[in-house]
Protein chains: 2
Amino acid sequence: MARTSTTNDVFSAIGEPKRRALLEQLVLQQMTVSDLVEAMEWSQPMVSKHLKVLKDVNLVSETKVGRFHYYRVQPDELRPIQEWVHQFEKYWGGALEQLDSYLTDIQKTRDDDER
Amino acid sequence: MARTSTTNDVFSAIGEPKRRALLEQLVLQQMTVSDLVEAMEWSQPMVSKHLKVLKDVNLVSETKVGRFHYYRVQPDELRPIQEWVHQFEKYWGGALEQLDSYLTDIQKTRDDDER
DNA sequence: ATATTATATTCCTATATGGGAATATGTCAA
DNA sequence: TTGACATATTCCCATATAGGAATATAATAT
């Protein structure tokens, strides 16, 4: 078998640095393909292809206006990643910081509960 | 050119679902290769190979005790991912939730400052 | 010394990629 | 209608997988 498809899920899709760069650019504002070609200084097919992968996993959405295709980020789709990483957060920091981290966690939990 | 190497960075390494599964298992406790073979129900070479990728990007560390190689997660290495996703968090939630999200952010920032 | 256990590495193959180049498709403007 | 513009797709290739099978390496036990 070959490696996991880039469109398998959000994790696979953002494995490619260029696609992360696209998302970083698009989060600022929606842009057309040509806008991105200029901003990234990549070839147009390159932009379109990476956008396709991002769209396949719903990390970007597309709005067509005549010849122009506006792409925008769908930030919510990154939540699974945040949540996945979250389960490791409690172990962040070295041994010396463990206690402090633990107390901070407790405080944070309380804050969350209050909301 | 071919696709980005899995050991290019942490993002690429966790693109593979099996490697995420390994990390999820190892975060509970350090384990040897055979422990993982049993827990995951994968072949031994499969476990070793995926561990190698994770180790190359420092997501796991290895401690050798005789024949046994104990692997453990290095949770801090996931921080870059958390930070990368963070820049998109402020846009989470639909339009209706935007205001609430905005206010929550402000409160959170204040909490952070107080610590 | 030798068999056994634990782990890593090598060899193989199928497959999917990222990128370049060329081309197709779609839409607008003159 | 026709040319220009915007975007997508196809064709090509080099490369790096993931996985299975076999084998190598390392360390222990008997």
Side-chain angles (χ1 to χ4, degrees), chain A residues 1-23 25-26 29-73, chain B residues 1-23 25-26 29-73:
Chain A
M1 205 184 277
R3 74 194 288 187
T4 308
S5 167
T6 58
T7 56
N8 182 63
D9 58 27
V10 179
F11 290 88
S12 302
I14 68 162
E16 166 65 56
K18 282 200 167 63
R19 282 193 286 271
R20 291 200 301 280
L22 274 182
L23 293 176
Q25 184 70 48
L26 284 174
Q29 56 179 316
Q30 63 175 359
M31 296 178 85
T32 68
V33 175
S34 352
D35 290 340
L36 288 168
V37 166
E38 189 181 347
M40 305 285 120
E41 300 189 282
W42 300 344
S43 74
Q44 176 265 310
M46 194 175 196
V47 170
S48 289
K49 285 173 185 172
H50 282 302
L51 282 174
K52 178 165 169 37
V53 174
L54 291 174
K55 199 186 167 199
D56 282 350
V57 296
N58 297 311
L59 275 171
V60 301
S61 60
E62 185 185 14
T63 306
K64 298 175 187 171
V65 179
R67 288 177 290 182
F68 301 88
H69 296 206
Y70 288 90
Y71 284 89
R72 74 167 62 227
V73 173
Chain B
M1 206 182 277
R3 76 194 288 188
T4 308
S5 168
T6 57
T7 56
N8 182 63
D9 58 27
V10 179
F11 291 88
S12 302
I14 68 162
E16 166 66 55
K18 283 200 167 63
R19 281 191 287 270
R20 291 200 298 281
L22 274 183
L23 293 176
Q25 184 69 46
L26 284 175
Q29 55 178 317
Q30 64 175 357
M31 296 176 87
T32 68
V33 175
S34 352
D35 290 339
L36 288 168
V37 167
E38 189 182 347
M40 304 285 120
E41 301 189 282
W42 300 343
S43 75
Q44 176 266 309
M46 195 175 194
V47 171
S48 289
K49 285 173 184 172
H50 281 304
L51 282 175
K52 178 166 171 34
V53 174
L54 292 174
K55 199 186 167 200
D56 281 351
V57 297
N58 298 310
L59 273 171
V60 302
S61 61
E62 185 184 14
T63 305
K64 298 176 187 170
V65 179
R67 289 177 291 182
F68 302 87
H69 297 206
Y70 288 90
Y71 284 88
R72 74 168 62 227
V73 174

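Atom set for the values below is all heavy atoms of this structure, side chains included, hydrogens, waters and symmetry mates excluded. Naming convention: chains lettered A, B, ... in sequence-line order (proteins, then strands); numbering from 1 in each chain.
With sequence neighbours excluded, the residues satisfying side-chain contact (heavy atoms from CB on, under 4.5 Å) with Q44(B) are V33(B), V37(B), S48(B). The ring-ring contact (aromatic ring centres under 6.0 Å, His included) search around Y70(B) returns none, not counting sequence neighbours. Taking D9(B) as the reference, R20(A) meet the salt bridge (charged side-chain N to carboxylate O under 4.0 Å, His left out) condition, with sequence neighbours excluded. When the salt bridge (charged side-chain N to carboxylate O under 4.0 Å, His left out) test is applied to E38(A), no partner is found at least two apart in sequence or on another chain. When the salt bridge (charged side-chain N to carboxylate O under 4.0 Å, His left out) test is applied to K52(A), the partners found at least two apart in sequence or on another chain are D56(A). Considering only residues two or more places apart in sequence or on other chains, T7(A) meets the side chain to side chain donor-acceptor pair (under 3.5 Å) condition with S5(A).
Look at Y71(A) and you won't find any side-chain N or O under 4.0 angstrom from OP1 or OP2 of dA6(D). Side-chain nitrogen and oxygen atoms of T6(B) include at least one within less than 4.0 Å of the OP1 or OP2 phosphate oxygen of dT17(D). In this model, the phosphate group of dA6(C) is not approached by any side-chain N or O of H69(B) to a distance below 4.0 Å at OP1 or OP2. The phosphate of dA6(D) has neither OP1 nor OP2 within less than 4.0 Å of any side-chain N or O from T32(A).
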Restricting both atoms to N or O, compile the protein contacts to nucleotides 28-30 of chain D shorter than 3.5 Å, with distance only.
unit_1	atom_1	unit_2	atom_2	d
dT28(D)	O4'	R67(B)	NE	3.3

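Mapping L51(A) and T4(A) onto DNA chain D via the closest heavy atom, the residue that lands nearer the 5' end is L51(A).
If you measure from atom CG of D56(B) to atom P of dT17(D), you get 10 Å, rounded to the nearest angstrom. As rounded to whole Å, 8 Å separates atom P of dA8(C) from atom NZ of K55(B). Between the P atom of dG18(C) and the CZ atom of R20(A) lies a distance of 12 Å, rounded to the nearest Å. In this structure, K52(B) atom NZ and dG19(D) atom P are separated by 16 Å, rounded to whole Å. What separates CD of E38(B) from C1' of dT5(C) is a distance of 15 Å, to the nearest Å. For W42(B) and dA8(C), the CH2 to C1' distance is 17 Å, given to the nearest whole Å. Summarising the geometry, the separation between CZ on R3(A) and P on dG19(D) is reported as 11 Å, rounded to the nearest angstrom. Rounding to whole angstrom units, CD of residue E62(A) and P of dA6(D) are separated by 16 Å.
In this structure, Y70(A) reaches neither bases nor backbone, as no heavy-atom distance under 4.0 Å exists between it and the strands shown.
Under the 4.5 Å side-chain criterion, counting only non-hydrogen atoms from C-beta, Q29(A) is not in contact with D35(A).
For the salt bridge (Lys or Arg N to Asp or Glu O under 4.0 Å) condition, the pairs that include at least one residue of residues 59-72 of chain A, sequence neighbours left out, are K55(A)-E62(A).
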Candidate pair L22(A) and V53(A), rule side-chain contact (heavy atoms from CB on, under 4.5 Å), full reasoning: CA-CA 11 Å; L22(A) 274 182; V53(A) 174; over 6 Å; no
Reading nucleotides 19-24 of chain C from 5' to 3' and marking B where a protein heavy atom lies under 4.0 Å of the base, S where only the sugar-phosphate is that close, and - otherwise, the string is BBBB--
